[in-house]
Amino acid sequence: MNDEHMQRLYLELTSLENRGITIWLEGAKSSSQDVASQLCVQEESTYMRDYIFDEGVLKEVHFDKIRKDLK
């Protein structure tokens with residue numbers, strides 16, 4: 001992930017936070033800065049976004065690492 005991509009992600013997530021939407025990373029409440037930094041460091045990993053709505057209003061965005069099954 002390059003600096004431009006990280007900056008865009010950070011700005012997007014900061015905008016969500018400013019609207020009162022909470023951001024979660026791997027099941028823990030987080031922040032736009034922490035998520036953008038973690039995703040930048042974990043370039044080889046893939047994260048899935050999960051949007052949580054309450055009565056049609058976005059309340060939370062969750063980022064969870066996608067793990068491959070070790071069978």
Side-chain angles (χ1 to χ4, degrees):
M1 181 180 296
N2 61 36
D3 288 339
E4 181 182 334
H5 188 261
M6 184 176 139
Q7 182 67 20
R8 284 186 298 172
L9 177 61
Y10 171 73
L11 291 174
E12 174 191 356
L13 297 178
T14 299
S15 173
L16 293 173
E17 283 183 309
N18 290 338
R19 293 174 29 211
I21 299 163
T22 56
I23 299 171
W24 296 73
L25 179 63
E26 292 291 317
K29 192 172 179 181
S30 194
S31 69
S32 55
Q33 180 64 45
D34 290 341
V35 170
S37 295
Q38 184 68 25
L39 269 60
C40 183
V41 169
Q42 298 288 329
E43 287 181 330
E44 300 300 317
S45 299
T46 302
Y47 284 82
M48 177 181 70
R49 288 189 192 201
D50 190 14
Y51 297 93
I52 308 301
F53 290 88
D54 183 18
E55 296 185 14
V57 177
L58 181 61
K59 296 294 184 178
E60 301 175 355
V61 178
H62 293 225
F63 287 83
D64 295 302
K65 189 183 293 187
I66 297 175
R67 293 171 174 79
K68 295 182 180 178
D69 289 341
L70 301 174
K71 294 183 181 179

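Quick caveat, the model's predicted, so the values are computed rather than measured.
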Problem - Connected via hydrophobic side-chain network under 4.5 Å: Leu9 and Ile21 - result: yes
Problem - same_hphob_cluster(Tyr51, Ile23) at 4.5 Å side-chain heavy-atom cutoff - result: yes
Handout entry: Side-chain donor/acceptor of Gln38 to backbone N/O of Leu25, under 3.5 Å
Key = no
Completion exercise
Correct closest heavy-atom pair for Ser32 and Thr14 would be OG-OG1, 3.1 Å
Practice task
Quick one: list whatever passes side chain to side chain donor-acceptor pair (under 3.5 Å) with Ser15, sequence neighbours left out.
Solution key: none
Problem - Residue pair Ser30 / Glu17: nearest heavy atoms and the distance that separates them - result: O-OE2, 4.1 Å
Practice task
Indicate if Tyr47 and Leu13 have the same hydrophobic cluster label, given that clusters are the connected sets of ILVMFWY residues with side-chain heavy-atom separations under 4.5 angstrom.
Solution key: yes
Problem - Contact check, side chains of Gln7 and Glu4, non-hydrogen atoms, under 4.5 Å - result: no
Give every donor-acceptor pair under 3.5 Å between a side-chain atom in residues 52-66 and any protein atom, sequence neighbours left out.
residue : atom : partner : partner atom : Å
Glu60   : OE1  : His62   : NE2          : 2.7

Problem - Connected hydrophobic set around Leu11, excluding itself, where side chains approach under 4.5 Å - result: Tyr10
